[in-house]
Amino acid sequence: MADLNIPLADRASPPGDRVARGSDPIWDVIELLFFAYRDFIGDPDDVLAKFGFGRAHHRVLHFVNRNPGMKVAELLDILKITKQSLGRVLKQLIDQGYVVQKEGANDRRQRLLYVTPKGEALAMKLAGLQTARIARALSEIGPHAHEAACRFLTAMINPEQRDSVLRFIARADRARRPRG
């Protein structure tokens, strides 16, 4: 196991210094993000492949599970994909019983999305795999790792979108909390 307290060998100065001077890109962080994402998504990819699903299916299941009653328009905005791409993925998820689509109570033109129990089980299985990987990584880093990771990832979001993303996550947390 790698010692996470040892800096990468080619790091001569803090990354912020290199960027501020306009020198080379921060290759270590860029590549670590690529590899971390590859492995973070790899576990769910293996499970999804057994169903004939891909990453787009995963993203739809994730956001619909976290946001019951989500509007199709909201999902399009979050995923930044075309209506046609979403339509294909949604059709598969609906046809195979993972997602249901209902019309809005006040506006029948609205299409609201909900996971079925089958969809929730798959979404939670995928989230469990990713949670285990994140928890393992955070435990290797030590105290306050969760907060530091959240600060870093929040800072990676375009500044003009940060507040809305954080509100979205908080709203999803409230919606998924068990009642009782």
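When reading the values below, keep in mind they use all heavy atoms of this one structure, side chains included, and skip hydrogens, waters and symmetry mates. All values derive from a computational prediction rather than experimental measurement.
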Start with the C-alpha distance between Gln130 and His58, add both sets of side-chain angles, then the distance that settles side-chain contact (heavy atoms from CB on, under 4.5 Å), and finish with yes or no. CA-CA 12 Å; Gln130 291 179 315; His58 182 189; 3.5 Å; yes
Please assess Glu103 against Lys71 for the test salt bridge (charged side-chain N to carboxylate O under 4.0 Å, His left out), listing each intermediate value before the final yes or no. CA-CA 9 Å; Glu103 59 185 37; Lys71 296 174 193 155; over 6 Å; no
side-chain contact (heavy atoms from CB on, under 4.5 Å) between Met70 and Ile78, worked out: CA-CA 11 Å; Met70 168 178 259; Ile78 289 167; 3.5 Å; yes
Could you walk me through whether Val100 and Leu113 pass the side-chain contact (heavy atoms from CB on, under 4.5 Å) check? CA-CA 6 Å; Val100 294; Leu113 302 171; over 6 Å; no
Given the rule in the side-chain contact (heavy atoms from CB on, under 4.5 Å) test, do Arg171 and Arg167 qualify, once you have shown the distances and angles that lead to the verdict? CA-CA 6 Å; Arg171 187 179 80 211; Arg167 280 192 307 273; over 6 Å; no
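Each of Ile157 and Leu166 belongs to its own hydrophobic cluster when Ile, Leu, Val, Met, Phe, Trp and Tyr are linked at side-chain heavy-atom distances under 4.5 angstrom. Val72 and Tyr114 are assigned to two separate hydrophobic clusters, defined by single-linkage of ILVMFWY side chains at heavy-atom distances under 4.5 Å. A continuous path of Ile, Leu, Val, Met, Phe, Trp and Tyr side chains, each step under 4.5 Å between heavy atoms, connects Val60 with Val47, placing both in one hydrophobic cluster. There is a path of hydrophobic side-chain contacts, each under 4.5 Å, that joins Leu79 to Leu61.
In this structure, the side chains of Gln101 and Leu112 stay at 4.5 Å or more apart for every pair of heavy atoms. At a threshold of 4.5 Å between non-hydrogen side-chain atoms, the residues Val99 and Thr116 do not count as touching. At least one side-chain heavy atom of Tyr98 sits less than 4.5 Å from a side-chain heavy atom of Leu122. Taking 4.5 Å as the limit, some side-chain heavy atom of Ile169 sits within range of a side-chain heavy atom of Arg66. Within the 4.5 Å cutoff, no side-chain heavy atoms of Arg151 are placed close to those of His144. Proximity of Asp46 to Leu129: side-chain heavy atoms (C-beta onward) are nowhere separated by under 4.5 Å. Counting heavy atoms from C-beta outward, Leu48 and Arg55 have side chains that stay 4.5 Å or more apart. Inter-residue side-chain proximity for Val115 and Pro68 is flagged as unmet; no heavy-atom pair is nearer than 4.5 Å.
The CZ atom of Phe51 sits 11.0 Å away from atom CG of Leu93, with the distance rounded to the nearest 0.5 Å. The distance from atom CD of Glu31 to atom CD1 of Ile26, rounded to the nearest 0.5 Å, is 12.0 Å.
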Report all side-chain donor-acceptor pairs from residues 81-92 shorter than 3.5 Å, counting only partners two or more places apart or in another chain.
residue, atom, partner, partner atom, Å
Thr82, OG1, Ser85, N, 3.0
Thr82, OG1, Ser85, OG, 3.0
Lys91, NZ, Asp95, OD2, 2.7
Gln92, OE1, His57, NE2, 2.6

N/O donor-acceptor pairs under 3.5 Å from side chains in residues 33-41, not counting sequence neighbours:
none

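Relative ring orientation between Phe63 and Phe168 is described as tilted, the plane-to-plane angle lying within the 30° to 60° band.
In terms of heavy-atom proximity, Ile30 sits nearest to Pro25 at CD1-CB, 4.0 Å.
Between the side chain of Arg162 and the backbone N or O of Ala155 there is at least one donor-acceptor pair closer than 3.5 Å.
With a 6.0 Å radius and a threshold of 12 heavy atoms from other residues, nucleotides or ligands, Lys118 has its NZ atom above the threshold.
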